[in-house]
Protein chains: 2
Amino acid sequence: MNATIKDVARAAKVSIATVSRILNNQPGYSLKTKQRVLKAIKTLNYQPNAVARGLINKKTRTLGILVPNVSSMFSSLLLKGVEDAAYTRGYSVIMCHTANSGVRTMDYLHVLKEKRVDGLLFTSEVLKDAYYDEIRRMGVPLVLLATQSLNDSIPYVKVDDRMAAYHAVRYLIAKGHTKIGMISGNKEDRIAGQPRIDGFIQALKDHNLSFNQKQIVYGPSFSFDDGKRLLLDLLSKNRGLTAIFAASDFLAVGALSAAYSSGLRVPDDLSIIGYDNLEIAKMSLPPLTTVGQPLFQIGSVGGMMLIDIIEDKGNVEGRILPHQIIERQTVSERSKALTEKNYDKQ
Amino acid sequence: MNATIKDVARAAKVSIATVSRILNNQPGYSLKTKQRVLKAIKTLNYQPNAVARGLINKKTRTLGILVPNVSSMFSSLLLKGVEDAAYTRGYSVIMCHTANSGVRTMDYLHVLKEKRVDGLLFTSEVLKDAYYDEIRRMGVPLVLLATQSLNDSIPYVKVDDRMAAYHAVRYLIAKGHTKIGMISGNKEDRIAGQPRIDGFIQALKDHNLSFNQKQIVYGPSFSFDDGKRLLLDLLSKNRGLTAIFAASDFLAVGALSAAYSSGLRVPDDLSIIGYDNLEIAKMSLPPLTTVGQPLFQIGSVGGMMLIDIIEDKGNVEGRILPHQIIERQTVSERSKALTEKNYDKQ
DNA sequence: TTGTAGGCGTTATCAG
DNA sequence: CTGATAACGCCTACAA
């Protein structure tokens with residue numbers, strides 16, 4: 001059905017070697033033959049077979065990316081970033097939805113190996129030893145996105161979670177808040193858990209605010225429903241809280257929702273700052289102030305980095321990308337007077 | 001680096017033909033040799049090279065999917081569905097973010113052809129002739145997701161947009177609303193535009209409600225920002241509206257936001273029903289009532305269908321999947337009395 | 001039950 | 001400047 005290099009050679013009355021040279025613009029042919037060949041290519045609508053090329057070159061110009069959830073607002077931005085980098089560099093990307101499942105992840109690793117992808121991206125989840133061993137055996141480069149490996153020196157690109165959390169809380173403090181609670185998601189999470197908690201506590205300490213463990217409340221995940229539940233939990237354990245740092249936008253929006261249901265007005269009665277700056281942050285009511293991580297960029301920078309490694313242009317160092325406070329409408333300025341007034345109420 | 005079939009053959013002291021037979025479990029070997037070969041495979045950690053296989057079989061077990069925006073809540077669910085079908089059938093999927101760009105789409109079509117994918121999924125956008133011609137030349141099956149081609153009989157999987165809109169409006173009417181407006185997105189959109197408008201109008205007519213063109217308001221897209229703007233526009237053109245049908249959840253949530261800003265309470269003063277049932281519908285304030293389309297399913301059914309065609313098991317007919325009204329909290333019951341009371345106010 | 005050999009579409013190394 | 005030809009890793013007649 002599809003024309004092959006042989007067809008082109010025959011049509012142009014040259015050898016396949018010559019066609020190949022022209023295709024890969026290597027030296028060794030006259031202008032005339034080149035034009036003849038080019039014409040043959042056009043009329044036959046010839047396009048080289050990447051599979052055959054891959055076989056001999058041992059390069060497929062294909063990347064594999066493993067994400068826990070293809071459709072989450074978080075991962076999908078990462079995906080888009082990777083895709084963009086791949087596109088501009090002439091690579092394709094195979095997406096693998098791991099569903100947080102070990103067997104599914106291993107399955108994909110095997111497929112990706114069989115398909116001889118040139119490199120791997122691994123996102124969000126922690127890189128288990130079993131995965132890493134398998135990847136080592138594949139012998140392809142790997143870069144981590146929005147996550148980091150503790151024991152090994154695998155290149156990664158992410159934000160400084162501890163610092164970002166610190167800045168979020170510092171922002172609250174700068175706005176005059178002194179009674180601040182935190183809705184942490186799953187504290188076992190190596191990236192979104194402890195580091196953000198540490199940042200929260202450090203910010204409190206650095207500004208001479210007292211800290212008690214009950215100011216932090218934990219959940220199984222970082223979801224909207226957890227946010228709803230956890231806000232109530234947090235409020236019941238602490239009196240007089242005026243601001244809250246939520247470890248994800250979903251948690252924050254869930255908190256927003258719970259606040260609304262219990263008659264608390266945001267930001268008048270309670271300020272909330274989120275984490276991530278997903279699309280939903282713009283669309284919540286009121287629009288959510290949050291500390292944003294550049295997810296698309298993390299993806300594209302990571303993709304570029306991986307391709308650089310593949311093509312040996314590579315600095316293979318981890319990279320921390322800057323985060324940023326996105327001011328919207330869920331954090332209020334809190335004057336001293338206001339604070340006292342509020343105390344009276346309670 | 002990686003072991004080949006030849007290495008296995010040598011290690012097991014058989015010919016590569018025998019190894020191949022065992023790999024593809026075809027008849028023609030004794031149990032003993034099989035076990036010997038299997039052991040060799042294990043110890044060498046051999047995995048077949050899918051590139052070589054693809055070259056000879058002319059099958060890559062790879063699908064290509066073209067989506068306008070990888071990271072939109074809408075497309076990403078479709079993606080996940082396709083991915084899931086592919087995974088269960090042993091296929092991989094290459095994702096292509098077209099960014100609504102013609103050249104980018106054509107670029108992708110070319111690489112997908114070069115990489116010899118076994119089939120194509122095309123989503124959301126209209127299938128331009130240039131795309132279709134190129135795909136025909138590729139000679140691979142195609143299925144359309146959440147869109148449909150008018151002139152040709154290409155298999156598709158989608159919802160009945162006209163019917164879904166009709167039901168949304170009928171639902172509003174059943175709740176006692178008689179003054180209903182519509183926020184349409186881009187009316188040029190072949191799928192999300194006119195069909196939903198038609199459904200809206202038809203529902204009104206079938207229930208003997210008057211209809212005037214100004215009850216519908218249009219925007220450039222289906223976005224949150226458009227929703228904000230368009231609600232105000234709609235309200236200014238029509239007095240006494242008690243309910244609104246928005247052609248997308250984003251439009252609806254934008255409308256929610258605008259309503260809030262202008263002091264209108266949803267659903268007490270104004271009811272709103274959306275379209276899509278994206279994740280955001282659960283998380284809006286109040287949670288959005290909407291007519292849901294099963295995006296994940298559309299993706300997975302479409303993926304299965306495509307693979308069926310590839311593997312010649314194929315019924316190649318288009319399929320309409322059922323939509324469903326998802327009742328949440330943005331539509332109020334409207335008694336006759338209430339209606340009159342509201343009229344007095346205005 | 002097993003092995004030999006040709007070929008899938010390219011690239012690359014030789015000669016000429 | 002050009003053309004044979006041997007790989008790449010695998011599958012599959014065809015023989016044995």
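From a predicted model like this one, the values you see are computed outputs, not experimental measurements. Order of the sequence lines fixes the chain letters, A, B, ..., with proteins taken first and strands second; residue numbering starts at 1 for each chain.
- Considering all non-hydrogen atoms of both residues, B/Thr147 and B/Tyr156 come closest at O-CB, 3.5 Å.
- Donor-acceptor pairing under 3.5 Å is lacking for the side chains of B/Thr62 and B/Lys115.
- For B/Ser30, a side-chain nitrogen or oxygen approaches OP1 or OP2 of C/dT2 to under 4.0 Å.
- No donor-acceptor distance shorter than 3.5 angstrom exists from the side chain of A/His97 to the backbone of B/Lys80, with no hydrogens or angles considered.
- Contacts of A/Val14 with the nucleic acid, taken as non-hydrogen atoms under 4.0 Å apart, involve only primed sugar atoms and P, OP1 or OP2.
- Put simply, the side chain of B/Arg36 gets close to the backbone of B/Ala12: a donor and an acceptor are under 3.5 Å apart.
- With B/Thr98 contributing its side chain and B/Thr105 its backbone, the two residues share no donor-acceptor pair below 3.5 Å.
- Ion pairing between A/Asp84 and B/Arg104 holds under the 4.0 Å rule for side-chain N and carboxylate O.
- The bend of the helix from C/dT1-D/dA16 to C/dG16-D/dC1, defined by the angle between the axes of its first five and last five pairs, stands at 50° to the nearest 10°.
- Side-chain contact check for B/Cys96 versus B/Val111: every heavy-atom pair is 4.5 Å or farther apart.
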Indicate for each nucleotide in nucleotides 8-16 of chain C, in 5' to 3' sequence, whether protein heavy atoms under 4.0 Å reach the base (B), only the sugar-phosphate (S), or nothing (-). BBBBB----
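- Nucleotides of DNA chain D with any atom under 4.0 Å from a heavy atom of chain A span, from 5' to 3', D/dC1 to D/dG9.
- Residue B/Ser15 has no polar side-chain atom (N or O) positioned under 4.0 Å from OP1 or OP2 of C/dT2.
- At distances below 3.5 Å, at least one donor-acceptor pair connects side-chain atoms of A/Asn186 with backbone N or O atoms of A/Glu188.
- When all heavy atoms of B/Asn2 and B/Asp7 are compared, the pair lying nearest together is O-OD2, 4.2 Å.
- Looking at heavy atoms from C-beta onward, B/Tyr46 lies in side-chain contact with B/Leu23 at the 4.5 angstrom threshold.
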